[in-house]
Every structure is written in C-alpha cells, then in structure tokens.
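Reading through the structure tokens given below for one structure.
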Amino acid sequence: MVHIAAWKKFFIILIPILGVLYCLPNVLSPDMRAKMQESLPGWMPTKTVNLGLDLRGGAHLLYQVDTEVVFKERADLIVQDMRRVLREEKIAYTRLGSIEHGMRLTLSDAADAEKARSLIRSTDPNLEIKDGEGGVIEAKLSALAVKELLDQAISQSIEIVRRRVDELGTTEPSIARQGEDRILLQVPGANAEDLKRIVGKTAKLTFHLVADPTSANAGGSRSLPFADQTEGQTANIERRAMITGEMLDNAAPGFDQNGQPVVSFRLNSMGGRKFCDVSRENVNKPFAIVL
C-alpha cells in the first residue's frame, strides 16, 4: 500500500484550489470583479490575463508619417532665418526660396557669395552648401541631419499615438516603428473606428508673441481661448509663430525651486537661436504656447 505523507496531501489539495482562485477573475464580469476586490483581502488575485488580437480581437492599424510635410516646414524655417540674416547684413538678393531639404539663394552681386556662405554655415551648421552660376547658392540638410530629423519625427509621432491610445483605457497596446516611415499599432479589444478617430486628430504646437493692441502689427493677430477654457477669456496672439514644434528636442514635466509643477523643454540649435533673438528683442513681453 502506497503511503502519502499528510503534508503532501495538503499541497495536492491546496495547489488546485489556488489555481482556481487565480483564474477566477478571468471568468467574472467587471462588476463582479470590482465587488470581489472590495470584499476579499488585498492578497487575493484580481488581475486578468491580457488576451492578444488573436484571442480577443481588436484593431490592427498601419500609419505612414507624412515626412514631406516635416521637411517642407524645416526648409521654410531655413528660408525665414536666411531672409532675416541677409537683411541684417545688408546682402542684396533677387530670389530666395525653399527646395527639397533646403533653400536656393540668388545674390544680386556674386561678390557677396563668400560672405553669404559664411552666414549660412553660422546660421545652421547642418547645411551643406553648393555653389551655382550667377550668384546662385544652394544649401541642403546633410544626410545625417535628414536622418535625425526623420527619426525625431517618427519618435514624436509614436509618443503622440501612445498618449492618445491611453485615452481608450486599453491594456498593453503594441506601438512600434515599421520600416522607414511607418508606425504599426495593435490594440487588443479596441474598436477600430474609435481608434482611428482618436489617433487621427491633428495636433500642432507653436510659440507666439502676445499681440500688442497699440502696435502697428495688431491687425496681424488672432484671438484664442485659454487652455483651461475659462468662459470668455481669450488672448490675442501674433499670427506668425516665433517657434514651431519641430524645433523642440524634448519636453518633460518637473518642479521649480518652490515645488510648483513646471514644464521644461529643450530646443534644437535653430530653435535656440530664434528663442534667444526673439526674447532679447521682447524683454518683459509675454508669449503664448498654442496647441
């Protein structure tokens, strides 16, 4: 006759009971799980197994980042900077416009070419300069700068998608870069149409000076409500943005010396120069961050 020790019998009975208890939340409704969590001790299991798309169903979406817009906006910023620098240095030109990944400048006097090239290098060291005939100068982003800008756009897009998916309250979404400019999004248990609506919202971050109603430029302003949606409270800001979201390298929450919550941000080289120039010329004047 086989003899089984009492302690072994105890564990043979205990282990299946514990297994049933730990599996129980998976077969209960959310309301019953909530009641069970309130009435049972804290050590009792309440979490459920997260089912993937193959078992639970959900949304499987593939997005493509519009990189052409990213590079077009960067080229426009390069042109804006050069227009300001050329005006300050009194260098005349007949044409200045954006091209793919950069700008094309046609000088009035070809003798100013060397000075213009020096200004381009100091304005944006990521630009590669190519001389043409008749005082024409082309400046384009280097291959490394193009890759960094693309990687930054993809990583920012992934973070935006992740934060918006969190609004659905879903568990364990899968968000990953696929290929050069695509984002794969898999959300178990989510409705595809709801997900498209939330993820597809357009967002753009810009910095604007608050318009002075007494200045000659007051007509070039627009009125926007405050973020806290205080009824009837608006701010008049200048239409032209002094800094755009593409100039932000990073932003993060933090606290100041008094323990008050703040948002700290880091600008890239172009944004840093523009922020210094604008703030130097507008001491004690407020600016607005517009989303």
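Taking the six-membered ring where the residue is Trp, F207 and F265 present perpendicular rings, their angle passing 60° and hence far from 30°.
D277 has a carboxylate O that lies under 4.0 Å from a charged side-chain N of R280, or vice versa, which qualifies the two as a salt bridge. Under the 4.0 Å criterion applied to side-chain N and carboxylate O atoms, R163 and E159 are assigned as salt-bridge partners. Checked for salt-bridge contact, D151 and R177 meet the test: a charged N lies under 4.0 Å from a carboxylate O. Using a cut-off of 4.0 Å between Lys/Arg side-chain N and Asp/Glu carboxylate O, D112 and R117 are scored as not salt-bridged. Under a 4.0 Å N-O distance rule, the pair E138/K130 does not qualify as a salt bridge.
Looking at H208, its side chain does come within 3.5 Å of a backbone N or O of E238 through a donor-acceptor pair. Between the S142 side chain and the A145 main chain, a donor and an acceptor come within less than 3.5 Å of each other. Judged purely by atom type and a 3.5 angstrom limit, E100 has no side-chain atom pairing as donor or acceptor with the backbone of A75. Listed for the D256 side chain is a donor-acceptor partner under 3.5 Å among the backbone atoms of N258.
Atoms OG1 and CZ, from T67 and R74 in turn, are 14.5 Å apart once rounded to the nearest 0.5 Å. Atom CG of L86 sits about 5.5 Å away from atom CG of L105, to the nearest 0.5 Å. The distance from the CD1 atom of I137 to the CG atom of L96 is 10.5 Å, given to the nearest 0.5 Å. Atom CG of D131 sits about 7.5 Å away from atom CD1 of I129, to the nearest 0.5 Å. Interatomic distance, CD1 of I120 versus CD1 of I78, reported as 10.0 Å (0.5 Å rounding). For the atom pair M103 CE and L141 CG, the distance stands at 11.0 Å (nearest 0.5 Å).
Between L107 and I91, the closest side-chain pair of non-hydrogen atoms falls below 4.5 Å. Side-chain contact between Q156 and Q152 is present, with heavy atoms from C-beta onward closer than 4.5 Å. Side-chain atoms of N282 and L209, non-hydrogen and from C-beta on, do get closer than 4.5 Å to each other. Side-chain contact between I183 and S157 is present, with heavy atoms from C-beta onward closer than 4.5 Å. The shortest side-chain heavy-atom distance between Q64 and R182 falls under the 4.5 Å cut-off.
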Would you sort out whether L77 and Q80 count as a side-chain contact (heavy atoms from CB on, under 4.5 Å), showing the intermediate values? CA-CA 5 Å; L77 290 173; Q80 290 180 20; 4.2 Å; yes
Evaluate side-chain contact (heavy atoms from CB on, under 4.5 Å) for T206 paired with I243, printing each intermediate quantity in order. CA-CA 6 Å; T206 51; I243 295 175; over 6 Å; no
Derivation and outcome, side-chain contact (heavy atoms from CB on, under 4.5 Å), residues T244 and E73: CA-CA 9 Å; T244 61; E73 290 183 349; 5.7 Å; no
Let me see the working for L150 and E180 under side-chain contact (heavy atoms from CB on, under 4.5 Å), right down to the final yes or no. CA-CA 9 Å; L150 176 61; E180 185 175 279; 3.6 Å; yes
Please report the C-alpha distance between E68 and K72 in whole Å, then the side-chain angles of each, then the deciding distance to 0.1 Å, and finally whether the salt bridge (charged side-chain N to carboxylate O under 4.0 Å, His left out) criterion is met. CA-CA 6 Å; E68 290 185 7; K72 177 65 169 59; over 6 Å; no
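Just one of L184, V65, I175 meets the side chain to side chain contact (heavy atoms under 4.5 Å, CB included) condition when paired with I158; it is I175.
Between L185 and Y63 the shortest heavy-atom distance is CD2-CE1, 4.2 Å. Annotation for S223 and N236: closest pair CB-OD1, 3.2 Å, computed over non-hydrogen atoms. Between V146 and F71 the shortest heavy-atom distance is CG1-CZ, 3.6 Å. G259 approaches F255 most closely through the heavy-atom pair O-CD2, 3.4 Å. P16 and I13 make their closest contact through CD-O, 3.3 Å (heavy atoms, listed as atom of the first residue, atom of the second, distance). Nearest heavy-atom pair, D66 versus V69, reported as atom, atom and distance to 0.1 Å: OD2-CG2, 3.1 Å.
When the shell of 6.0 Å around CZ of R84 is examined, it contains more than 12 heavy atoms from other residues, nucleotides or ligands.
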